[in-house]
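Here the structure comes first, spelled out in structure tokens, and everything after it is commentary.
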Amino acid sequence: MVVEKIEVPPQFEDILFPRHPIHQDAGKLAKFLTDLEFVRLPAEVLHTAKRVTLDTIGCIAAGAATPLGRKILAAYSGGAGVSGCCVPGTELRLPPSLAAKAASWLSDVLDYEDVACGHPSATVIPAALAVAEHLTATPQRFLAGVVAGYEAGLRVHDATRANPEAYRRLAVYHAWHGVAAGAAAIVVAGGSEAEVRSALGHAAANTNIPIWYVQYGKPAHALKANYGQMTLGGVDAALCARQYIVGPFAMLSDPERGFAQIIGSDSFDPKQLSAGLSQRWRISELSIKAFPCCAFLHTSIDAAASAVKDQDIAVDQIESVSIRCFSRITEWFSDAAPATDIDGQLSVQYVTAMGLLSREPGRHWFAPEMMENPVVAELMRKMIVEIDPVAEKAFWEDGQYKSSVRIRLRDGRTFDATADWAPGHWRRPLSDADVESKFLSNVRGTPLQAKGDQIIETIMTLDRADSMGDLCGLLPV
């Protein structure tokens, strides 16, 4: 079925199929998503899609087991029903867009989900899961949708990348995640090119204000980058498009009134919307996190933990710790007395203390007894956080989160350690065993613990399954 054309004044373009050259690259992206087929996806791309699905479900389950996660579940429990879509690891069943929103929010509670110019999995995986369950889509459609979310979303990020001054004012860095969710949802659902274009337009129009989560005072607000609302908007975009409710595709690439302007970017490069399609698979550049906190802080944790382990340093002998990093950390993520779990996730001092203490990563990092531990507080007081010009240049020019740590002991000895890339970064990836171990750690003590090994096996063989039934049967409580 073809979407009925809307009568518009002659001075305007067709809202779904605009002819002006400025829209050509967005059109190529829409055609790519329409034609994206499971059988054409490289094996390593499919493998990454399965890995990140497993990792995100673990993050959702872990998030649900935190105090904030329980509050989120309580906020939506009144709308639960037996016939809705599941929120993994919980008893909740909700309409697809709300189920995706709740799962998305839970995945970000611990800041433990993947990173790739933001956190694509926080919107892509919940959107794809909810639509797949709602429409009884095949596993192959689900996996294609996961890939689609990354390929579309990260190219929208590239096309709307802001200059440093705009980046400091608005979270342009995060605003594209709703389009990623919409792309994932519509590819899982399937549809014509007109439906894909309409869904992308809806998703762009549904984008919420790109808020920064560290700019409004302490304690840091629980919405963070508001991925839940972006995911809801993306799922709604696909559901509307399937009912032939026309979305404003042209706004995706309109340089004057379009998406880039709306999210506060001062830069728009439409060619990035189609750059490297089918050649450069952006999902291959995601990083699965090794630590539950902002990715900016991971190299500091890694450097500190490596120094303690390699030099056999006794923590009670530490006199001072110098952390040298880029200015974004000194400006936004330096907090020697975090008051809440979210503050802790955004404090380079707190998470570096976890590295110095060799604490196994997980939600227990932010348990009240850990955050109130006097040993942790004393370690944070010994830390100095400074700008390293080399790290600053690497951050702005190469997107590198480089950090160095110098530990001085009471006897005068000093030990230095530098981390150029964090463990889990796609240049330094976690092994499959590492990803599975992280998943099992995340579901430990949750209702999914007893099903952990079965969930791993089901997801990692999902491309060979006939239906999503086995996985959808394992995720609810």
Side-chain angles (χ1 to χ4, degrees), residues 29-41 45-46 48-50 52-54 56-57 60 84-88 94-104 107 120-154 177-203 206 227 230-245 247 281-283 458-459 462-473 475:
L29 175 61
K31 186 69 165 61
F32 167 82
L33 296 174
T34 305
D35 296 341
L36 189 65
E37 295 181 6
F38 167 82
V39 293
R40 297 183 181 179
L41 297 176
V45 167
L46 286 172
T48 300
K50 292 185 290 185
V52 76
T53 297
L54 178 68
T56 308
I57 290 171
I60 293 168
C85 298
C86 83
V87 178
L94 299 166
S97 55
L98 283 178
K101 175 179 179 176
S104 174
S107 75
S121 66
T123 60
V124 169
I125 304 302
L129 281 172
V131 173
E133 183 176 9
H134 179 60
L135 300 178
T136 320
T138 66
Q140 293 73 28
R141 273 241 162 255
F142 167 78
L143 290 169
V146 170
V147 175
Y150 281 82
E151 300 310 308
L154 287 167
H177 287 76
V179 178
I186 192 61
V187 170
V188 172
S192 66
E193 184 178 347
E195 290 173 89
V196 170
R197 286 172 175 251
S198 195
L200 293 176
H202 274 294
N206 288 346
Y227 291 137
M230 294 190 199
T231 308
L232 181 147
V235 172
D236 279 352
L239 298 181
C240 287
R242 294 186 77 249
Q243 297 301 320
Y244 310 108
I245 303 171
W281 293 95
R282 301 303 298 278
I283 192 171
T458 301
I459 291 176
L462 198 57
D463 52 323
R464 302 194 295 274
D466 294 327
S467 79
M468 292 287 288
D470 287 346
L471 180 59
C472 290
L475 298 183

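Remember, it's a predicted structure, so these values are computed and weren't measured experimentally.
For the ring-ring contact (aromatic ring centres under 6.0 Å, His included) test, no residue two or more places apart in sequence or in another chain qualifies with F142.
H202 contributes a side-chain N or O that, together with a main-chain N or O of I245, makes up a donor-acceptor pair within less than 3.5 Å.
S107 approaches I60 most closely through the heavy-atom pair CB-CG1, 3.6 Å. When all heavy atoms are compared, the tightest approach of L41 to A144 is CD1-CA, 4.1 Å. Residues H177 and M230 come closest through the heavy atom pair CB-SD, 3.5 Å. When all heavy atoms of D470 and T458 are compared, the closest pair comes out as CB-CG2, 4.2 Å. Shortest non-hydrogen contact noted between A183 and A152 is CB-CB, 3.6 Å. The two atoms that bring A203 and G182 nearest to each other are CB-CA, 4.2 Å, heavy atoms only.
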Is there a side-chain contact (heavy atoms from CB on, under 4.5 Å) between Y150 and V52 once you walk through the steps? CA-CA 11 Å; Y150 281 82; V52 76; 3.3 Å; yes
Go through D463 and K50 one step at a time and tell me if the side-chain contact (heavy atoms from CB on, under 4.5 Å) criterion holds. CA-CA 8 Å; D463 52 323; K50 292 185 290 185; 3.0 Å; yes
L462 and L471: CA distance, side-chain angles, deciding distance, side-chain contact (heavy atoms from CB on, under 4.5 Å) verdict: CA-CA 8 Å; L462 198 57; L471 180 59; 4.2 Å; yes
Trace of the side-chain contact (heavy atoms from CB on, under 4.5 Å) decision for E193 with K31: CA-CA 6 Å; E193 184 178 347; K31 186 69 165 61; 3.3 Å; yes
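Counting heavy atoms from C-beta outward, E151 and I283 have side chains that approach closer than 4.5 Å. Taking the side chain as every heavy atom from C-beta outward, R242 and L135 approach each other to under 4.5 Å.
We find the OG-CD distance between S467 and Q140 to be 9.5 Å, quoted to the nearest 0.5 Å. The distance from atom CZ of R197 to atom OG1 of T34, rounded to the nearest 0.5 Å, is 8.0 Å. One finds the CD1 atom of I186 at 8.5 Å from the CG atom of L200 (value rounded to the nearest 0.5 Å). Note that the SG atom of C85 and the CG atom of L94 stand 8.5 Å from one another [nearest 0.5 Å]. Between the SG atom in C86 and the CG atom in L475 there is a gap of 5.0 Å [rounded to 0.5 Å].
Counting only N and O atoms by type, the side chains of S198 and E195 include no donor and acceptor under 3.5 Å apart. Side-chain contact of S104 with T231: a donor-acceptor pair under 3.5 Å is present, judged by distance alone.
Screening T123, I125, V124 against S121 for a side-chain contact (heavy atoms from CB on, under 4.5 Å) leaves a single residue, I125.
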